[in-house]
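In what follows, a structure is listed as structure tokens, so that the remarks can point back to it.
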Amino acid sequence: MITGATAQLRHGYYSETCPKAKSIVQDVMKVALIQEPRSLASVMRLQFHDCFVNGCDASLLLDDTPTMLGEKLALANINSLRSYEVVDQVKEALEKVCPGVVSCADIIIMVSRDAVSLTGGPYWEVKLGRLDSLTARKEDSDNVMPSPRSNATFLIGLFAKFNLSVKDLVALSGSHSIGKARCFSIIFRLYNQSGSGRPDPAIDPKFRQKLDKLCPLNVDQNITGDLDATTVKFDNQYFRDLVAGRGFLNSDQTLFTFPETREFVKLFSIDQGEFFKAFVKGMIKMGDLTVDQPGEVRKNCRVVNSHSSKFPMHPS
């Protein structure tokens, strides 16, 4: 059962054990922004994909082993999530200064926040003190994570299971304010929406022409398109695009099509401050998701510590 915050999560968690943690993370993220701006959008998504699956425990970051099929090959993640190396760089920098102190689960929370603030979005203080999982399971992700085809009804139900409101859902979908997505995710929208053999009628006709050129039926489906018109700036353009019928993914445009979510899309499209406030609230609530399970502080985010039995085991 995934629940809200445990008592150990708090602000200033590393103020004594690793006082420079915040600035070390930000410095690595600033370099990543310069080297490949898209990487910040990719890194920001990690929190959603990690926290919805057994809580915020960095299980997402574990590489497969001969005895464990992890989450990286799950349907929502394979050929989609990327920039894991940015997390590796952050971990490496932290290990040099504070070895064995800062968990990979906390790194995901910090880099997601920095990805937003460094691209023009809001900044907020994050609660820290999570532990890293000792295992990961592909099916755990497959059983939870939504597909790009999801409609608003399904998404509302899914988010409710995690005590996230309709407003949280719409605000957190605004993470698509930056970044790109693959043609694979929209081919059905362009040519066979709901098995009709026709395009999604919610798509603006001019925008559909643009998408038809980008993603013809015979395209390499790993070709990417912009999720909104300001793809490297975190702003409310995403919502303005939805109002105009220019949402890239079905799971985006459905938020304007459905009455329950439409009012929030309209609100955020005209009031960026309201969007930022709601987005921060949603990210904090999502960061509180946790599961009572043993954990550790990994030395390498991709593998569990080989001598983990010598580490104190705590419920995360």
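Residues: numbered from 1 along the sequence shown. Everything numeric here is computed off the predicted structure, so don't read it as measured data.
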Donor-acceptor contact present, side-chain [X] to main-chain [Y], <3.5 Å:
X      : Y      : result
Thr224 : Lys180 : no
Ser185 : Ala181 : no
Asp57  : Asp132 : no
Arg262 : Val243 : no
Thr254 : Ser251 : no
Arg130 : Lys127 : yes
Asp50  : Ala58  : yes
Asp226 : Ala229 : no
Asp271 : Glu274 : yes
Asp252 : His176 : no

Is the shortest heavy-atom distance from the side chain of [X] to the side chain of [Y] under 4.5 Å?
X      : Y      : result
Leu61  : Arg302 : no
Phe239 : Gln272 : no
Phe159 : Ser165 : no
Leu94  : Ile107 : yes

Would you say [Y] ends up clustered with [X] if hydrophobic residues are merged whenever their side chains have heavy atoms under 4.5 Å apart, either directly or through other cluster members?
X      : Y      : answer
Phe248 : Phe275 : no
Leu46  : Val232 : no
Phe256 : Ile270 : no
Tyr191 : Val219 : yes
Leu217 : Ile186 : yes

* Taking it one step at a time, do Asp235 and Thr230 satisfy side chain to side chain donor-acceptor pair (under 3.5 Å)? -> CA-CA 8 Å; Asp235 55 17; Thr230 56; 2.9 Å; yes
* To do: May I have the step-by-step check of salt bridge (charged side-chain N to carboxylate O under 4.0 Å, His left out) for Glu125 and Lys22, ending in yes or no?
  => CA-CA 10 Å; Glu125 291 297 333; Lys22 186 196 291 188; 3.3 Å; yes
* What heavy-atom pair brings Ile178 and Arg45 nearest, and what distance separates the two atoms? ->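 Distance-wise, the nearest heavy atoms are O-NH2, 2.8 Å.
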* For residues Ile156 and Thr261, report the shortest heavy-atom separation together with the two atoms involved. => CD1-CG2, 4.0 Å
* Decide yes or no on side-chain contact (heavy atoms from CB on, under 4.5 Å) for Asp140 and Asp142, but give the supporting numbers first. => CA-CA 6 Å; Asp140 288 350; Asp142 285 339; over 6 Å; no
Does a salt bridge link [X] with [Y], judged by any charged N lying under 4.0 Å from a carboxylate O?
X      : Y      : value
Lys285 : Asp168 : yes
Lys167 : Glu260 : no
Asp63  : Lys72  : yes

* Asn222 and Arg182: CA distance, side-chain angles, deciding distance, side chain to side chain donor-acceptor pair (under 3.5 Å) verdict -> CA-CA 5 Å; Asn222 287 319; Arg182 296 178 299 148; 3.0 Å; yes
* Carefully, step by step, assess Ile223 and Phe184 under the rule side-chain contact (heavy atoms from CB on, under 4.5 Å). => CA-CA 8 Å; Ile223 297 283; Phe184 170 80; over 6 Å; no
* Passes side-chain contact (heavy atoms from CB on, under 4.5 Å), Lys233 versus Ser177? Steps please. -> CA-CA 7 Å; Lys233 186 166 188 263; Ser177 169; over 6 Å; no
* Asked: When rounded to the nearest 0.5 angstrom, what is the spacing between CG in Leu155 and CG in Leu255?
  -> 6.5 Å
* Quick one: pull up CE in Met68 and OG1 in Thr135 and give me the separation to the nearest 0.5 Å. => 5.5 Å
* To do: Determine whether the aromatic ring centres of Phe162 and Phe48 lie less than 6.0 Å apart.
  =>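 No.
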* Could you tell me if the ring centre of Phe268 sits under 6.0 Å from that of Phe279? =>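 No, the ring of Phe268 stays outside the 6.0 Å limit from the ring of Phe279, centre to centre.
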* Asked: side chain to side chain donor-acceptor pair (under 3.5 Å) between Gln293 and Asn54: does it pass, once the steps are laid out?
  -> CA-CA 9 Å; Gln293 62 185 4; Asn54 298 324; 5.4 Å; no
Can you give me every donor-acceptor pair (side chain of residues 196-212, partner residue at least two apart or in another chain, under 3.5 Å) with its distance?
unit_1, atom_1, unit_2, atom_2, d
Ser196, OG, Gln193, O, 2.7
Ser196, OG, Arg198, N, 3.1
Ser196, OG, Arg198, O, 3.2
Asp200, OD1, Ala202, N, 2.9
Asp200, OD2, Arg189, NE, 3.2
Asp200, OD2, Arg189, NH2, 3.0
Asp200, OD2, Gln193, NE2, 3.4
Asp204, OD2, Lys206, N, 3.3
Asp204, OD2, Phe207, N, 3.0

* **Test item: side-chain donor near acceptor, Asn305 and Arg298, under 3.5 Å** => no
* To do: May I have the step-by-step check of side-chain contact (heavy atoms from CB on, under 4.5 Å) for Asp106 and Tyr14, ending in yes or no?
  => CA-CA 10 Å; Asp106 278 345; Tyr14 297 111; 2.5 Å; yes
* Structure fact -> Here the disulfide (SG to SG under 2.5 Å) pairs for residues 256-306, sequence neighbours left out, are Cys104-Cys301
